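These notes are about the structure you will find just below.
Note that the structure is a prediction, hence the values are computed from the model and not measured. Below, chains carry the letters A, B, ... as their sequence lines are ordered, and counting in each starts from 1. Computation of the quantities below employed the complete heavy-atom set of this structure, encompassing side-chain atoms and omitting hydrogens, waters and symmetry-equivalent molecules.
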Amino acid sequence: MTRYTPAEIEARWQEVWNRDEIFKAVRSADKPKYYVLEMFPYPSGRIHMGHVRNYTMGDVIARYKLATGHNVLHPMGWDAFGMPAENAAMAIGGHPKDWTYGNIADMRDQMKPLGLSIDWSREFATCDPGYYGQQQALFLDFLEAGLVYRKNAQVNWDPVDMTVLANEQVIDGKGWRSGADVERRELTQWFFKISDMAGELKSALDGLENWPAKVRLMQENWIGESRGIDIPFERTDGKGTILCYSTRPDTMRGASFIAVSPDHPVSKALEAENPELASFIEECRKMGTTEAAMEKAEKKGIDTGLRVKHPVYEGVELPVWIGNFVLMDYGTGAVFGCPAHDQRDLDFARKYGLDVRNAFYMPGDETEVEDVALVPAKTEKVVFIDHFAGIAETTSQDGINATIDYFETHGLGKGQTQYRLRDWGLSRQRYWGCPIPVVHCADCGVVPEKKENLPIELPYDVSFDVPGNPLDRHPTWRDTNCPSCGKPAKRETDTMDTFVDSSWYFARFTAPDAKTPTIKEDAEYWMNVDQYIGGIEHAILHLLYSRFFARAMQITGHLPKSANEPFDALFTQGMVTHEIYQTRDAKGRPVYHLPEDVTEGKLSDGTEVEIIPSAKMSKSKKNVVDPINIISAYGADTARWFVLSDSPPERDVEWTASGAEAAFKHLTRVWNLCDRIGKMERDTAGQGDEALLRAMHACIHDVTMGIESFGFNAAIAKLYAFTATLQKSKAGHSAQREAIMTLAQLMSPMTPHLAEDIWAHQGGKGLVTTATWPVADEAMLVSDTVTLPIQVNGKRRAEITVPADMPKEEVEKAAIADQAVQRTLDGATPKKIIVVPGRIVNVVV
RNA sequence: GCGGGCGUGAUGGAAUGGUAGACAUACCAGACUUAAAAUCUGGAGGCCGUAUGGCCGUGUGGGUUCGAGUCCCACCGCCCGCACCA
């Protein structure tokens with residue numbers, strides 16, 4: 001008897017797909033296009049189970065779309081710039097470029113055995129000069145369009161990686177990669193003008209119906225829109241006004257002080273003449289060196305002695321304080337404090353003996369605020385105290401709106417929408433990144449490089465023996481001539497944040513070899529990405545930046561307007577997890593063990609291991625399973641089948657040895673089934689042909705729905721069940737052959753090699769990969785009779801089998817006539833009978 | 001503090017408001033085998049009962065409905081995102 005030998009089968013079919021170039025994407029007007037993209041990997045050198053899961057999901061979609069008559073684009077590339085390459089060069093010697101391209105070659109070799117339906121002819125790495133040269137061209141176009149600019153700014157400085165980080169890359173006050181406490185530094189940096197698009201990036205989220213609500217919400221929170229008002233407060237010394245931003249102008253009656261940032265122009269002016277203030281400001285700067293410290297810092301302030309006039313109440317003056325909690329780069333860098341209705345202002349007021357005055361009460365409760373600020377929800381009704389805009393009992397939100405109207409009509413302030421989103425600083429003081437294509441000239445200043453000089457390639461001869469950016473100390477690369485006046489000048493030595501590289505790669509895949517960033521016809525044909533798949537960890541950074549880039553590329557003519565939102569549908573898949581096996585050494589420190597070294601909770605020497613619940617696979621905890629080992633033991637189809645089978649795709653899936661084995665057993669069973677059917681008597685009649693074919697059509701229906709709705713685990717469950725049905729079937733050869741071939745087709749997106757082999761074995765025409773997806777026959781989905789459960793008062797008591805087209809009244813009669821129903825009714829008369837055709841009957845007494 | 005999500009057998013999980021626990025793992029029994037593995041067949045939410053069957057059951061409490069795991073309210077627990085944002 002022949003056996004299921006995945007290694008042989010998989011190599012053979014990959015060879016065929018490759019030879020026939022069936023995954024090569026070519027523009028065509030005949031079929032609807034479909035662009036499937038999984039977030040491209042960083043070339044660390046090894047693929048892991050997370051990659052297998054991510055790319056398998058994309059592959060299921062891509063293969064399904066191919067079979068349903070779409071012209072599919074399914075590309076793969078490498079997010080190849082970044083610090084690990086430099087760290088490796090520093091730690092083990094060698095060159096980042098060699099390290100990176102070596103890793104890419106290794107990972108490609110590990111990925112190809114998975115049998116993914118990828119058009120490898122479109123492959124590129126972001127560190128290819130052909131890619132980053134076009135990125136430099138984009139940069140120059142953005143510069144011309146005013147979408148990128150240079151400014152002196154307080155930046156987040158990562159002291160370990162010795163580079164600048166964007167706000168988005170600072171997590172809990174620490175660098176997203178290094179984990180080091182981030183410091184504040186003042187540097188001249190390049191910025192993308194993403195804040196100009198804040199409103200648009202926020203409102204367009206509403207149109208992304210096929211994105212997870214969670215991701216949209218995270219982006220919305222990150223952009224942080226708030227509606228408020230700018231109010232100028234007139235200084236009593238006649239030296240102009242201080243502009244404050246507030247979202248709660250309705251509380252103006254309770255305003256008791258103004259607080260400005262230590263970096264505010266007012267503070268800076270006073271610093272020069274008042275030593276006491278200067279030392280306070282100095283203290284604030286010192287304290288604020290790390291983001292982490294800022295979060296815990298005590299609220300402190302100092303009275304400047306300045307006074308401003310209350311904009312509404314004649315004769316009322318408010319003191320101007322410098323507050324360490326006021327941010328210069330949000331709003332106007334100055335606020336008015338209303339202690340009664342803001343806990344932070346209240347704490348501040350109590351500490352420094354400032355007035356506390358209610359602007360409103362809760363209805364029926366006129367207690368003045370003492371130690372707890374009165375901050376009801378904006379939707380709650382409150383009673384305003386002699387409010388200047390004439391409002392009395394209303395919600396805070398209505399109060400805010402009425403107050404803004406009042407201020408605007410009386411020329412006291414201007415309604416303003418603020419965003420939390422800041423401009424995206426892209427300068428990085430690193431070598432292994434895309435050089436920023438500008439030149440610094442003593443005479444002309446900052447001069448853009450000429451497009452014909454692109455790409456500005458990274459020099460190869462660099463050293464990493466001293467910290468910092470090797471481009472900064474490169475003997476010749478840095479020196480150049482000014483593109484404008486031709487005199488000697490210096491190149492910009494900062495490179496771009498690697499998030500720039502991943503912000504437009506999806507567009508480049510539509511024309512990967514073009515001499516311009518994109519080609520109009522290709523971009524128009526292939527964009528947008530119809531289905532994007534990746535991890536939730538990119539919910540903010542990568543996806544927000546890509547949305548910005550798509551708009552910026554549209555403005556600069558590199559993408560059609562219809563590609564404003566580059567990803568029509570987004571799916572965020574869960575991780576692959578594994579139990580952690582731990583013992584302790586003589587000093588009680590944990591020692592971790594690889595899953596393959598543990599059998600039934602014991603090491604090979606019999607030591608019992610402690611089992612820690614499943615967590616994300618990580619090298620340090622050794623709870624990893626190498627896809628390569630799984631593929632060599634069971635084949636790629638088993639790995640693919642398993643990562644999809646046990647959990648819904650958006651949730652984490654726990655890798656278990658028994659689960660992987662079960663997947664392999666099942667595929668073996670299907671293969672054996674195919675073998676058995678191939679050897680059946682051809683012309684002998686069987687029993688239950690129709691029942692088998694009905695089950696088959698139900699399976700077609702369920703699996704199709706499952707794939708369409710990302711219910712891969714449920715689709716696989718249906719395939720298990722149908723396999724069991726087929727295995728037990730006594731149907732004749734032709735029905736069984738039809739069933740096994742359909743089963744192969746339905747399995748083909750998940751286990752393409754096995755499916756291909758079965759198809760060929762049964763004499764199928766061509767390849768299963770390109771065969772038309774089966775369609776469930778409606779007539780085979782409905783049967784002549786139907787079994788209805790019967791409830792009495794909502795509790796299931798019996799079931800009856802009746803003709804499917806039996807009229808309601810007849811069904812009612814049949815239901816009541818049932819013995820079990822009669823027994824439950826016990827002589828009572830039904831008040832009402834509800835018949836849901838084809839589903840259920842409920843008798844109400 | 002603000003915002004969001006999730007609680008179903010031993011486990012992962014299934015279930016357009018309509019028979020809760022599909023499918024899989026682990027478990028138990030049987031067949032085959034000298035034996036084991038592999039394979040195949042069957043069982044299985046809990047409690048009561050020899051059994052036909054009955055009662056209970058989707059974190060807790062309430063509500064809407066003929067009917068709630070699913071919708072609404074409150075609470076408890078866990079997870080995630082944001083957070084000096086005026």
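Each of A:Ile840 and A:Gly331 lies near RNA chain B, and the nucleotide nearest A:Ile840 is the one positioned closer to the 5' end. Residue-to-nucleotide proximity on RNA chain B shows that, of A:Ile716 and A:Ser246, the 5′-proximal contact is made by A:Ile716.
Here A:Asp355 does not pair with A:Arg357 in a salt bridge; the nearest charged N to carboxylate O distance is not below 4.0 Å. A salt bridge links A:Lys679 with A:Asp675; the closest basic N to acidic carboxylate O contact falls under 4.0 Å. A salt bridge links A:Asp329 with A:Arg422; the closest basic N to acidic carboxylate O contact falls under 4.0 Å.
The base of B:U52 has none of its N or O atoms less than 3.5 Å from a complementary donor or acceptor on the side chain of A:Arg823. Within 3.5 Å, no donor on the side chain of A:Arg651 pairs with an acceptor on the base of B:C6, nor the reverse. On a pure distance criterion of 3.5 Å, a polar donor-acceptor pair joins the side chain of A:Asn842 and the base of B:C66. One can find a donor-acceptor pair under 3.5 Å joining the base of B:C84 and the side-chain atoms of A:Lys299.
The pairing partner recorded for B:G9 is none, the criterion being a Watson-Crick or G-U wobble arrangement whose two distances lie under 3.5 angstrom. In this entry B:G1 has B:C82 as its Watson-Crick or G-U wobble partner, both defining distances falling under 3.5 Å. Across all strands shown, B:A44 forms no Watson-Crick or G-U wobble pair with both distances under 3.5 Å. Searching all strands for a Watson-Crick or G-U wobble partner of B:C75 with both distances below 3.5 Å returns B:G59. B:G18 is paired with B:C66 under the Watson-Crick or G-U wobble criterion, all donor-acceptor distances under 3.5 Å.
When only modelled atom types and interatomic distance are considered, A:Glu579 and A:Ser614 share no side-chain donor-acceptor pair under 3.5 Å.
In this structure, A:Asp702 atom CG and B:U16 atom P are separated by 11 Å, rounded to whole Å. Across the protein-nucleic acid pair, A:Leu217 atom CG and B:A83 atom P stand 14 Å apart, rounded to whole Å. Regarding A:Ile242, its CD1 atom lies at a distance of 20 Å from the P atom of B:A86, rounded to whole Å. Between the CZ atom of A:Arg796 and the C1' atom of B:G53 there is a distance of 13 Å, given to the nearest Å.
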A:Arg420 vs A:Glu225, salt bridge (Lys or Arg N to Asp or Glu O under 4.0 Å): CA-CA, chis, key distance, verdict: CA-CA 7 Å; A:Arg420 209 182 68 97; A:Glu225 187 178 82; over 6 Å; no

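Residue A:Val836 is in base contact, counting any heavy-atom pair closer than 4.0 Å across all strands shown. Among the protein residues, A:Arg216 comes within range of no part of the nucleic acid, since none of its heavy atoms lies under 4.0 Å from any strand. Across all strands shown, A:Glu654 has no heavy atoms under 4.0 Å from either base or sugar-phosphate atoms. Contact annotation for A:Thr656: no contact, since no heavy-atom pair falls under 4.0 Å across all strands.
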